Amino acid sequence: MSAMRRSDVLAEESVLCHQKALAQLREIWELIGIPEDQRLQRTEVVKKHIKDLLDMMIAEEQNLKERLLKSISFCQKELTTLCSELGVEPFQEEGEPTILQLEKDLRTQVELMRKQKKERKQEMKLLQEQDQELCEILCVTPYDIDSTSVPSLEELNQFRQHLATLRETKASRREEFVNIKRQIILCMEELDHTPDTSFERDVVCEDEDAFCLSLENIATLQKLLRQLEMQKSQNEAVCEGLRAHIRELWDRLQIPAEERQAVALVATGSKAKVRKALQLEVNRLEELKMQNMKKVVDAIRVELAQYWDQCFYSQEQRQAFTPYYDEEYTENLLQLHDAEIVRLRNYYEVHKELFEGVQKWEESWRLFLEFERKASDPSRFTNRGGNLLKEEKQRARLQKTLPKLEEELKAQIEKWEQEHSKAFVVNGQKFMEYVTEQWEMHRLEKERAKQERQLKNKKETETEMLYGSAPRTPNKRRGPAPTKPGKVLKLNTTTMSNATANSSIRPVFAVSRLPPSGSKPVLTSTYSGKNTPHAGRHGANKENLELNGSILSARTFKGLQI
């Protein structure tokens, strides 16, 4: 309001100034003596001049107003378009501004919107250039975005995320490419392979940055690597097979260690030149083998015999291979032996687990029989080194592990027989039958030994009863001394026969036989007239003899007069 008042004051001052100027003009004209009609003319001129000046000023201001209104209209239209393109809310002026202020605000807003539009367009152009570069490297389709329109902030953000994904893809593919390329180069060097296709040359020879990291190229790279690795594996397998063949021929031909070492040092690895050197060595040894036919066949026969033992071949199975007994050494005989050793080797490898289990049982069984033999040897009680206790523990452990091992083998053999639809034989018969037969033979052997001991003791007892015998006193352990020295127990024939018929008489000191369960030996002190306890698996005391319905001991008759 104060501004408006100042303008009103200025307007009033302008009117007063105009009136004062006219008054001065009239005074001048009065003094000069200008007639009234001329005064009127001059006043008309002043009026017209002032009016023209004011009209001109008014026209200028009106023109300014129109320009401002036109600018406002233009800015409003452009601002509406820019807001639409930029995806922002239309501009709203606060309050009721003047035309000049409105025009200024609109113009400022338009300039700001134009700047945002320009920045977005520039960013989109830069993103498109980056996208084009990445797409050329990755061989993918460029990002789909309308380049003629102004991108929204969300569209630009999605574009940036897309480029970030492409960069990650490029980095991962590049890393994969570099790794595969390195492996390809190593395989080619190992195989002495020269790149012979344009793709292989691009991979090996060209700059890494120039290689197109498309999915198709990566897949082709992987395929190429697999092919080279397969060739390398095949080459390694061939070289290993040649080495195995060479070692086999060395053994058969009995090649000296110095010559073997010289070849082994040169023929390491699996490169093409190594494979060639190995093949040359095989050819040389094959030629030498033909020159030493008998020596080679005999070496194969030794190996055949070893495999027969490992596979538990029966004599009939061994004799079935008749070339083994042929003494006419020909190339055909060598081929037959080679084929048989290959077949046996494969047979053993396929059933190795079973054969090793059977071998383990055989070793355990032999050890068990050895402990059983020692257990029946009376001289074992003279041991003072602690071996007796160790042997008893081992025998007890074997008595537990043997049945368990037999059960495991039985389950494995049953599974094998179901899979192969045939019987698993050891030494020409089924394994479990073989095991049962071994246990039965062991039982019969124990019975036979027992009967022999009983018969021997019976004969010794009869001899002692008829002729008498010197007392057999242990070396270190002695029986209890008689109560009254010099006393002699006298028995008549009737008394002795009654005692013989109705009582069991044991030695003063008797050691019971170790039972199969592995229990510790028991040292017992027994006097005549006591009943004999049962010992061992079959309940028989192996130290006593049965005579005329009773058991007599040689020591019973010590001091008796018949």
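Only heavy atoms go into these numbers, but all of them, side chains included; no hydrogens, no water, no symmetry mates. Just so it is clear, the structure is predicted and the values come from calculations on it, not from any experiment.
Around CD of E216, the count of heavy atoms belonging to other residues, nucleotides or ligands within 6.0 Å does not exceed 12. Summarising the local packing, CD of E287 is surrounded by 12 or fewer heavy atoms from other residues, nucleotides or ligands at distances under 6.0 Å. Atom NZ of K295 is surrounded by more than 12 heavy atoms from other residues, nucleotides or ligands within 6.0 Å. Counting non-hydrogen atoms of neighbouring residues, nucleotides and ligands closer than 6.0 angstrom, the CE atom of M441 reaches no more than 12 such neighbours. Applying the 6.0 Å contact sphere to CD of E353 captures no more than 12 heavy atoms from other residues, nucleotides or ligands. Around the CD atom of E328, the shell of radius 6.0 Å holds no more than 12 heavy atoms that belong to other residues, nucleotides or ligands.
The two residues F312 and Q317 have their closest heavy-atom pair at O-OE1, 4.2 Å. Listed here is the closest heavy atom pair of C239 and R275: SG-CB, 3.7 Å. Nearest approach of I218 to F177, heavy atoms of both residues: CD1-CB, 4.3 Å. Taking each heavy atom of G357 and L405 in turn, the nearest pair found is O-CD2, 4.4 Å. Here the closest heavy-atom approach between residue V296 and residue K289 is recorded as CG2-CG, 3.4 Å. Of all heavy-atom pairs between C187 and L228, the closest is CB-CB, 3.8 Å.
Taken to the nearest 0.5 Å, the CD atom of Q254 stands 9.5 Å off from the CG atom of N292. Atom-to-atom distance recorded for E340:CD and L344:CG is 4.5 Å, nearest 0.5 angstrom. Rounding to the nearest 0.5 Å gives a distance of 5.0 Å between CD1 of I300 and CG of L334. The distance from atom CD of E168 to atom NZ of K170, rounded to the nearest 0.5 Å, is 13.0 Å. Atom-to-atom distance recorded for E414:CD and L409:CG is 11.0 Å, nearest 0.5 angstrom. Here CD1 of I184 is found 5.0 Å from CG of L221. Values are rounded to the nearest 0.5 Å.
In this structure, L278 and H245 have side chains that are not in contact, with every pair of non-hydrogen atoms separated by 4.5 Å or more. In this structure the side chain of T165 reaches within 4.5 angstrom of the side chain of T169, judged on heavy atoms. With contacts defined as side-chain heavy-atom distances shorter than 4.5 Å, the pair F321/W308 qualifies. At a threshold of 4.5 Å between non-hydrogen side-chain atoms, the residues Q279 and K276 do not count as touching. A heavy-atom distance below 4.5 Å is not found between the side chains of I246 and L249. Between K223 and Q227 the shortest side-chain heavy-atom distance falls below 4.5 Å.
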Inset, instruction - May I have the step-by-step check of side-chain contact (heavy atoms from CB on, under 4.5 Å) for L215 and L138, ending in yes or no? - result: CA-CA 8 Å; L215 288 174; L138 299 175; over 6 Å; no
Inset, instruction - Take K459 and E462 through the test salt bridge (charged side-chain N to carboxylate O under 4.0 Å, His left out) and record every step on the way to the result. - result: CA-CA 5 Å; K459 290 180 179 179; E462 290 176 351; over 6 Å; no
Inset, instruction - Evaluate the side-chain hydrogen bond (donor to acceptor under 3.5 Å, both in side chains) criterion for residues Q183 and N179: first the C-alpha distance (whole Å), next the side-chain angles of each, then the deciding distance (0.1 Å), finally the verdict. - result: CA-CA 6 Å; Q183 296 179 55; N179 292 334; over 6 Å; no
Legend entry - Candidate pair V274 and K271, rule side-chain contact (heavy atoms from CB on, under 4.5 Å), full reasoning: CA-CA 5 Å; V274 174; K271 292 186 177 181; 4.3 Å; yes
Inset, instruction - Walk me through it: do R366 and E363 pass the test side-chain contact (heavy atoms from CB on, under 4.5 Å)? - result: CA-CA 5 Å; R366 283 196 295 269; E363 293 173 356; 3.5 Å; yes
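Every residue two or more places apart in sequence or in another chain that forms a salt bridge (Lys or Arg N to Asp or Glu O under 4.0 Å) with E281 is listed here: R284. Listed by chain and number, the residues in a salt bridge (Lys or Arg N to Asp or Glu O under 4.0 Å) with E408 amount to none (sequence neighbours excluded). Applying the ring-ring contact (aromatic ring centres under 6.0 Å, His included) criterion to F355, with sequence neighbours excluded, gives Y347, Y348, F424.
Between the side chains of Q231 and N235, no donor-acceptor pair of N or O atoms lies under 3.5 Å. Of the N and O atoms on the side chains of E176 and Q222, at least one donor lies less than 3.5 Å from an acceptor on the other residue. If you check the side chains of R343 and N346, you find no donor sitting under 3.5 Å from an acceptor.
Here E440 pairs with R443 in a salt bridge; the nearest charged N to carboxylate O distance falls below 4.0 Å. For R345 and E303, the salt-bridge test passes: some basic side-chain N is under 4.0 Å from an acidic carboxylate O. Salt-bridge check for D251 with R247: failed, with every basic side-chain N at 4.0 Å or more from each acidic carboxylate O. Ion pairing of E189 with K232 is absent here, as no side-chain N (NZ or NE/NH1/NH2) approaches a carboxylate O to less than 4.0 Å. Salt bridge present: R318 and D309 bring a charged side-chain N and a carboxylate O closer than 4.0 Å. Electrostatic pairing of K410 and E407 does not count as a salt bridge here, judged by no charged N lying under 4.0 Å from a carboxylate O.
Using bins of under 30°, 30° to 60° and over 60° for the plane-to-plane angle, the ring pair Y324/H337 lands in the parallel bin.
The one candidate from W365, Y434, W361 that meets the ring pair (Phe, Tyr, Trp, His ring centres under 6.0 Å) condition with W439 is W365.
For R174 (side chain) and L213 (main-chain N/O), no donor-acceptor pair under 3.5 Å exists by modelled atom type.
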